[in-house]
Amino acid sequence: MIKSVLKGMVIGIANIVPGVSGGTMMVSMGIYDKLIHCITHLFSEFKKSVLFLLPIAVGMVAAIAASSFGLTYLFEHFPIQTNLLFVGLILGGLPAIGSKVKGKRIQAGHIIAGVLFFALVVGLAVMGETEGNAADISFSVGNVLILFGVGIIASATMVIPGVSGSMVLMLMGFYHPVLNAIKDFFTALAALDMDGILAGCGILIPFGLGVVVGIFGIAKLVEIIFEKFPLYAYWAIIGLIVSSPIAILLMGTFPALTVLHVLTGIVALAVGFVIAMKLGE
């Protein structure tokens with residue numbers, strides 16, 4: 001139970017960080033296939049699916065709430081160490097994915113799938129260097145529908161390994177407005193500020209409903225792909241995982257390197273790698 005909550009926290013934090021993929025974290029910790037199965041069979045295997053999904057969901061919500069306050073501080077004051085921690089978390093999943101294709105005959109199509117998805121992630125990271133104008137998410141009927149649609153897009157990209165949902169939100173101009181709405185909601189909740197709570201609900205409920213719809217829709221598509229084209233899917237994921245550290249470094253802002261930065265960065269990288277390996281066991 002505790003291990004599942006911790007996995008959920010890692011996934012939640014990853015979904016907040018531009019350039020980092022929550023789907024990749026799921027793969028790194030060895031729960032991607034089972035998580036997709038539980039989502040698509042939620043009603044037919046209700047008890048089993050809920051027991052698996054609930055602690056992960058609790059960890060994700062807790063991490064997203066905490067990250068909306070503390071993550072900015074870490075990236076501002078320890079950008080090298082924080083980014084390399086996530087690189088380690090991602091690379092720690094490569095051995096598990098490598099075992100899925102080990103001993104299997106490599107075809108040209110497998111390589112093409114890996115290269116295409118590698119290029120997709122790096123391309124998104126290059127585009128992400130220019131953030132879209134901040135979107136207006138004030139409460140209105142039109143914005144409720146827009147937020148619902150944005151939630152669908154964000155959740156779909158959050159589930160696909162290697163694609164950063166937060167980076168897509170940033171490109172669309174919704175990243176900071178939604179993150180600030182989450183922070184303001186929990187601040188209002190702690191202060192029992194009903195006006196603030198209701199204002200937050202007007203933004204987060206339609207966005208959250210869109211996220212739920214998107215997750216179920218993309219999960220079914222992913223399940224079909226894994227059933228019919230498993231090796232192509234795994235090679236695509238390898239391309240996504242290998243490209244993710246490059247995307248993180250492209251998206252990050254770093255100070256001039258010092259020996260201390262290098263040493264602590266290597267330690268953070270190793271810690272992330274070990275955490276991913278342990279959580280994936």
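In this structure, Thr264 contributes its side chain and His261 its backbone to a donor-acceptor pair below 3.5 Å. Between the side chain of Thr40 and the main chain of His37, a donor-acceptor pair closer than 3.5 Å is present.
Among all heavy-atom pairs drawn from Gly202 and Leu147, the shortest one is O-CD1, 4.5 Å. Pairing each heavy atom of Ala233 with each of Ile225, the nearest pair is CB-CG2, 4.0 Å.
Ring pair Tyr232/His110 is perpendicular by interplanar angle, where above 60° counts as perpendicular and below 30° as parallel.
Looking at His41 and Ser44, their side chains never bring a donor and an acceptor atom within 3.5 Å of each other.
With a 4.5 Å cut-off on side-chain heavy atoms, Ile238 and Trp235 count as touching.
Under a hydrophobic clustering in which Ile, Leu, Val, Met, Phe, Trp and Tyr are joined whenever their side-chain heavy atoms come within less than 4.5 Å, directly or via other members, Val87 and Leu257 fall into the same cluster. No continuous path of ILVMFWY side-chain contacts below 4.5 Å connects Leu145 to Val150, so the two sit in separate hydrophobic clusters. Linking Ile, Leu, Val, Met, Phe, Trp and Tyr residues whenever their side-chain heavy atoms come within less than 4.5 Å places Leu221 and Phe43 in a single cluster.
When the shell of 6.0 Å around CZ of Phe229 is examined, it contains 12 or fewer heavy atoms from other residues, nucleotides or ligands.
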Before giving the answer on side chain to side chain contact (heavy atoms under 4.5 Å, CB included), spell out for Val178 and Ile203 the whole-Å C-alpha distance, their side-chain angles and the decisive distance to 0.1 Å. CA-CA 8 Å; Val178 170; Ile203 295 169; 5.5 Å; no

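Aromatic ring centres of Phe207 and Phe174: separated by at least 6.0 Å.
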